[in-house]
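Contents: one structure, followed by commentary.
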Amino acid sequence: MLRQVTATRYVTPLRSGGSVPGVVEADDEGTYVVKFTGSAQGRKALVAEVIVGELARALGLRFPELVLVGFDPAIAADEPHQEVRELHAASAGVNLGMDYLPGARDFSPEIAEVFDVHPVEAGRVVWLDALTVNVDRTVHSSNLMLWPTLGVAPPRLWLIDHGAALVFHHRWGTTDPAKAYDFRHHALGHYGPDVRAADAELRPKVTEELLRAITDEVPDAWLADEPGFGSPEEVRRAYVEFLHARVRASGDWLPTDFPSRDELAAENARRAARTRRDRPDWLKRVPDLHGKPAAEQDWSVHLG
Ligand SMILES: Nc1ncnc2c1ncn2[C@@H]1O[C@H](COP(=O)(O)OP(=O)(O)OP(=O)(O)O)[C@@H](O)[C@H]1O
Ligand SMILES: [Mg+2]
C-alpha cells in the first residue's frame, strides 16, 4: 500500500504544472510534490497517477515513490495567490505526493538533442504509454525528468505525471480496448523505440492479479460517486477489465513503424553532413554533439 505522511511545511507552488502542484515537507522528513484533489483536473487525474505510476514501477521503469499526503491548508496560509489558496482550501485531507527529485531537469527538446536513450528503454516507455493511453508524453510536454544531474552518477530518465493517462475513464464503455495509439509526437519517438522487445518483455507481467493489486492502492474516496457505478470496488474492476483486455490486444495497438536506430543514424549522418557543408568556417570549429552517445558528451555544458 502507499505510505501515508502528513505535510508539515508548505515550500512553494510549482507554477510550471497546469494543476499547480505544491512542494511540501512532511513528518517523515521527506519532500514531496503534491497533486491536490481540489484541482481542476479532478480526482481522476490522481487515480491515473496512482494506477499508471505503480504499473510503471511494477514493470521496472524509474518512477519516484508515491505517498498519500495529509494536507491541512493552514500550513500554506502565507501563500500570496488567491487562486492557489482556493485550491488548497478545496483539498483539505488526503492528497497525492510524489517523492521530490532534487535538482532534476525536465527532459526538454534541447536536452533530448544531446541525451541518448537506448531503444530498449524508449520502447518500454512508449509501450507503457500506449497501454495506458497516455496522451501527455510529447516532445514539448515530456513528463520525463533527468536525475541526478549533479555529482558523478550519470543522469537517468524518470517518469512523472500520468494524470492525463487512462483517457478511457472519462467516457466509460465507449473506448475499444484494442484502439490504436497515436505515438507520432511521443517524446522518445526519435530514439527508435523497440516496442516489440518491450511487448515481449512486459506483456506477460501485466496480469489481472497485478492490476488488481495496483487498483487496490487507489483510495476509495477518489473512486466514490463515479456515475454508473455502485461502489469503488466496481470502478476498480472496470479499470482492471479494460487494462487487461487492452494488454491482451497489444498486437492491435502496438506502434511499430518508428524508424529503426540504423535508419535514424543514417538520417542524422545525412543531416550532419548537410549542416557541416553549410556551416560558416568559424562554426566548423564548434564541436558537433549530435549523434554522440551520452557517455561521450560533456554534460556540464548543458546541465551546469
Ligand atoms: N518528483 C518531482 N521532482 C522534481 N520536480 C518535479 C517532480 N514532479 C514534477 N516536477 C516539476 O514540476 C513540473 C510540473 O509537474 P507535473 O507535470 O507533474 O504537473 P502537472 O500539474 O500535472 O502539469 P501539466 O498538467 O502542466 O503537465 C514538472 O515539469 C517538473 O519540472
Ligand atoms: Mg506535466
Side-chain angles (χ1 to χ4, degrees), residues 2-3 5 7 9-26 28-57 61-69 71 76 79 81 83-88 90-91 95-112 115 125-126 128-129 132-151 153 155-167 169-170 185-188 218 222 302-303:
L2 301 182
R3 284 194 304 123
V5 303
R9 191 170 88 88
Y10 179 69
V11 182
T12 184
L14 282 176
R15 292 202 155 264
S16 61
S19 69
V20 200
V23 178
V24 305
E25 289 172 0
D28 65 344
E29 299 191 348
T31 305
Y32 300 96
V33 173
V34 176
K35 298 276 178 91
F36 292 106
T37 51
S39 79
Q41 284 74 1
R43 289 177 187 192
K44 278 195 183 165
L46 303 193
V47 174
E49 291 268 13
V50 173
I51 295 179
V52 180
E54 291 307 311
L55 192 52
R57 188 189 321 290
L61 296 168
R62 273 180 296 273
F63 176 69
E65 184 188 2
L66 291 179
V67 292
L68 299 176
V69 182
F71 179 79
E79 164 58 48
H81 295 95
E83 75 280 10
V84 181
R85 275 203 310 275
E86 283 169 13
L87 168 65
H88 295 165
S91 307
N95 296 269
L96 185 67
M98 179 187 286
D99 191 22
Y100 180 76
L101 305 175
R105 291 290 185 98
D106 284 299
F107 184 77
S108 63
E110 294 71 36
I111 285 183
F115 186 78
V125 176
V126 172
L128 173 78
D129 289 334
T132 59
V133 203
N134 183 9
V135 294
D136 197 15
R137 186 121 49 219
T138 62
V139 175
H140 294 286
S141 173
S142 74
N143 289 314
L144 293 167
M145 302 207 78
L146 284 185
W147 186 79
T149 52
L150 300 170
R156 303 269 186 216
L157 215 48
W158 290 74
L159 308 185
I160 61 160
D161 187 7
H162 298 113
L166 308 184
V167 286
H169 66 177
H170 296 291
H185 304 290
H186 196 280
L188 302 181
V218 181
W222 300 351
H302 302 279
L303 299 177

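As the structure lists them, so they are numbered: ligands from 1, and atoms in each ligand from 1.
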Do P64 and W147 touch side chain to side chain, with heavy atoms closer than 4.5 Å?
-> no
Which atoms from ligand 1 have a heavy atom of M145 less than 4.0 Å away?
-> 4 (C), 5 (N), 6 (C), 7 (C), 10 (N), 30 (C), 31 (O)
In terms of its nearest heavy atom to atom 31 (O) of ligand 1, the top option of V33, D106, L144, L66 is D106
The closest protein heavy-atom partner of atom 14 (C) of ligand 1 is G17 CA, 3.6 Å
E83 CD: over 12 foreign heavy atoms closer than 6.0 Å | yes
Does any N, O or S atom in N143 come within less than 2.8 Å of the Mg ion (ligand 2)?
-> yes
Passes side-chain contact (heavy atoms from CB on, under 4.5 Å), L144 versus L159? Steps please.
-> CA-CA 5 Å; L144 293 167; L159 308 185; 3.2 Å; yes
Which atoms from ligand 1 have a heavy atom of S19 less than 4.0 Å away?
-> 20 (P), 21 (O)
Looking only at heavy atoms, is any part of P102 under 4.0 Å from ligand 1, and if so is it the side chain, the backbone, or both, or is it neither?
-> neither
Can you find a pair of side-chain heavy atoms, one from R3 and one from D28, that are under 4.5 Å apart?
-> yes
Consider ligand 1: state whether an atom of it lies below 4.0 angstrom from any non-hydrogen atom of G163.
-> no
Taking only non-hydrogen atoms of L14 and a 4.0 Å limit, the atoms of ligand 1 in range are 11 (C), 12 (O)
Are the side chains of V125 and R137 in touch, meaning some heavy atoms are under 4.5 Å apart?
-> yes
Give the minimum heavy-atom separation between N95 and K35, together with the two atoms involved.
-> CB-O, 3.6 Å
Return the name of the atom in D161, of element N, O or S, nearest to the Mg ion (ligand 2).
-> OD2
Ligand-residue contact atoms, ligand 1 with M98, heavy atoms, under 4.0 Å | 1 (N)
Pull out every atom of ligand 1 sitting under 4.0 Å from any heavy atom of N143, numbered as shown with elements.
-> 17 (O), 27 (O)
Would you say W222's side chain and L46's backbone share a donor-acceptor pair under 3.5 angstrom?
-> no
Within 6.0 angstrom of H170 NE2, more than 12 heavy atoms from elsewhere = yes
Of all the non-hydrogen atoms in the protein, which one sits nearest to atom 26 (O) of ligand 1, and at what distance?
-> G18 N, 2.7 Å
Tell me, which protein residue and heavy-atom name are nearest atom 27 (O) of ligand 1, and how many Å apart are they?
-> D161 OD2, 2.9 Å
among protein heavy atoms, the one nearest atom 13 (C) of ligand 1 is S16 OG, 3.4 Å
Euclidean distance, L128 CG relative to H162 NE2, rounded to 0.5 Å = 6.0 Å
Does an N or O anywhere in K35 fall below 3.5 Å from an N or O of ligand 1?
-> yes
Do you know which two heavy atoms are closest between L188 and F107, and how far apart they sit?
-> CD2-CE2, 3.8 Å
Min side-chain heavy-atom separation E49-Q41 under 4.5 Å = no
Which ligand 1 atoms, with their elements, are less than 4.0 angstrom from a heavy-atom of D136?
-> 27 (O)
Taking atom 1 (N) of ligand 1 as the point of reference, which of V34, I160, D99, V23 owns the nearest heavy atom?
-> D99
Decide whether the shortest distance between a heavy atom of Q41 and an atom of ligand 1 is less than 4.0 Å.
-> no
For L101, take its heavy atoms, then give the atoms of ligand 1 lying under 4.0 Å from any of them.
-> 1 (N), 2 (C), 3 (N), 4 (C)
What's the shortest heavy-atom distance between S91 and T37, and which atoms?
-> CA-OG1, 3.6 Å
Here the atoms of ligand 1 under 4.0 Å from any heavy atom belonging to Y100 are 1 (N), 3 (N), 4 (C), 5 (N)
